[in-house]
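Here the structure is laid out as structure tokens; the discussion comes afterwards.
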Amino acid sequence: MDNARIDQILEKYNGEASSLIQVLLEVQSENRWLPGQALERISEGLQVPLARIQHIATFYKAFSLVPKGRHEIHICMGTACHVRGAQNVLDKVQELTGINPGETDLDLKFSLETVNCLGCCALGPVMEIDGQIHGKITPSETADALQKYE
Amino acid sequence: MKMSKITLNIDGTEIEASEGMTILEAAQSVGIDIPTLCHHEKLEPYGGCRICTVEAEVRGRTKLVAACVYPVEKNLTVKTRSDKVDRIRKMVLQLLLSHAPDSEQLVDLAKEYGADKDRFEKEASFCIHCGLCVRYCAEVKKKNAVGFINRGSKREINFVPEIAARECWNCKECFPLCPTAALQAAYVFTESLVNSSPPYETDSE
């Protein structure tokens, strides 16, 4: 993400320090992660110390300080999904993508994340890719679901 | 700030304090000792370590408050030592000791309050999150070279390498502030410079 675009976002919020989280969220959603250079730019633009930005960016799980894949896989490990075999789904996805929860593969295709509830327990086990819900999924069906993504 | 006088009672003595003072300041002004770890007179009150917990009685109700952040008020009765207070300080110490079992300050306090340093499983991070180094750097030095990262049980202090490499060599004033070991901040500082790229760029793959 180039500095010009970051400056545009900063300008939108009038460089107000209180809008730090909004700025971070926008950069995160456009760039999928927060590079160090972007944080430094934001630090200058909002006059917020880098240490404080680091504190906030590492506090919220919505922010990532490492590159994320083009597609985000969320696998629900909540109680309902768990008893319906979420672990098997997770194992299969780990095997297919070759990454563990919290990681991103080398060609930045997938990021894998476990979550605690997606709010649709009746559909368990649930896998969510880029916000799209795959409900009542079996380990064998995950391969088909993953193939659709480039 | 209004400088009206307030009378309160600490450990049975009537004390005159001015509005806006904390219980801790009022107690110190007459030489009553309340143990502290995260308190520093140059810094804003933080209320992080809870070792200064005292019993405060207002209108017949007793509550446990942190003396370093609780402002004095009229007709306040404070007990700085009681069975309850001692029990809480003992527990706080035991919890802190699981992080920093060899800290001199903690060991001294543990002796006084009968805290057992082996009460909890050790997770010797040597940091009790008092925030002294972080707050000193931000409030007194205004450099913000050190800050907290992560949250909950993973929370730790972290030097920002770009700033630390420039500012810290000639300062190092935060090192002796540490209640667990003067070397703790030094260690994290060195670590941040050795891994010269900032933490958000190291484990990218």
Side-chain angles (χ1 to χ4, degrees), chain A residues 1 3 6 17 20-21 23-25 27-28 31-70 97-114 116, chain B residues 43-44 46 48 125 127 129-168 171-175 177 184-185 188-189 191-193 195-205:
Chain A
M1 193 169 199
N3 283 339
I6 294 171
L20 171 63
I21 291 181
V23 173
L24 289 177
L25 278 171
V27 175
Q28 167 84 35
N31 196 49
R32 297 202 305 272
W33 68 293
L34 304 171
Q37 144 265 332
L39 295 189
E40 275 166 37
R41 193 75 182 182
I42 295 169
S43 170
E44 283 162 30
L46 300 182
Q47 292 296 304
V48 177
L50 202 53
R52 186 158 179 75
I53 298 186
Q54 263 187 17
H55 181 30
I56 289 167
T58 54
F59 186 94
Y60 295 105
K61 249 195 138 179
F63 299 125
S64 172
L65 298 175
V66 292
K68 284 277 178 192
R70 292 188 296 284
T97 56
I99 48 172
N100 294 321
E103 294 178 350
T104 300
D105 57 15
L106 274 179
D107 33 355
L108 296 182
K109 189 171 171 191
F110 290 119
S111 289
L112 181 58
E113 211 68 67
T114 58
N116 290 324
Chain B
L43 304 176
E44 288 290 304
Y46 187 61
S125 60
C127 181
H129 303 120
C130 66
L132 278 176
C133 51
V134 173
R135 290 180 292 135
Y136 189 84
C137 196
E139 291 175 30
V140 177
K141 304 299 286 187
K142 305 210 185 317
K143 300 291 184 206
N144 292 289
V146 58
F148 281 113
I149 55 164
N150 295 327
R151 65 173 163 182
S153 59
K154 293 206 173 87
R155 196 165 184 232
E156 57 185 346
I157 57 164
N158 177 57
F159 282 84
V160 181
E162 293 89 334
I163 303 171
R166 204 170 58 231
E167 306 285 354
C168 294
C171 172
K172 295 181 185 161
E173 284 168 33
C174 63
F175 293 7
L177 294 177
Q184 174 55 17
V188 183
F189 169 55
E191 194 185 46
S192 78
L193 295 184
N195 304 330
S196 59
S197 61
Y200 39 80
E201 280 172 354
T202 46
D203 44 6
S204 54
E205 275 154 15

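The chains referred to below are lettered A, B, ... by the order of the sequence lines, with proteins before strands, and numbering in each begins at 1. When reading the values below, keep in mind they use all heavy atoms of this one structure, side chains included, and skip hydrogens, waters and symmetry mates.
A:T58 approaches B:N150 most closely through the heavy-atom pair OG1-N, 2.7 Å.
Neither the backbone nor the side chain of B:V134 comes within contact range of chain A, judged by heavy atoms closer than 4.5 Å.
Going from atom CD of B:E162 over to atom CG of A:L39 covers 10.0 Å, rounded to the nearest 0.5 Å.
Residues A:H55 and B:I149 form no side-chain contact, since every pair of their non-hydrogen atoms from C-beta on lies 4.5 Å or further apart. Under the 4.5 Å side-chain criterion, counting only non-hydrogen atoms from C-beta, B:N144 is not in contact with A:R52.
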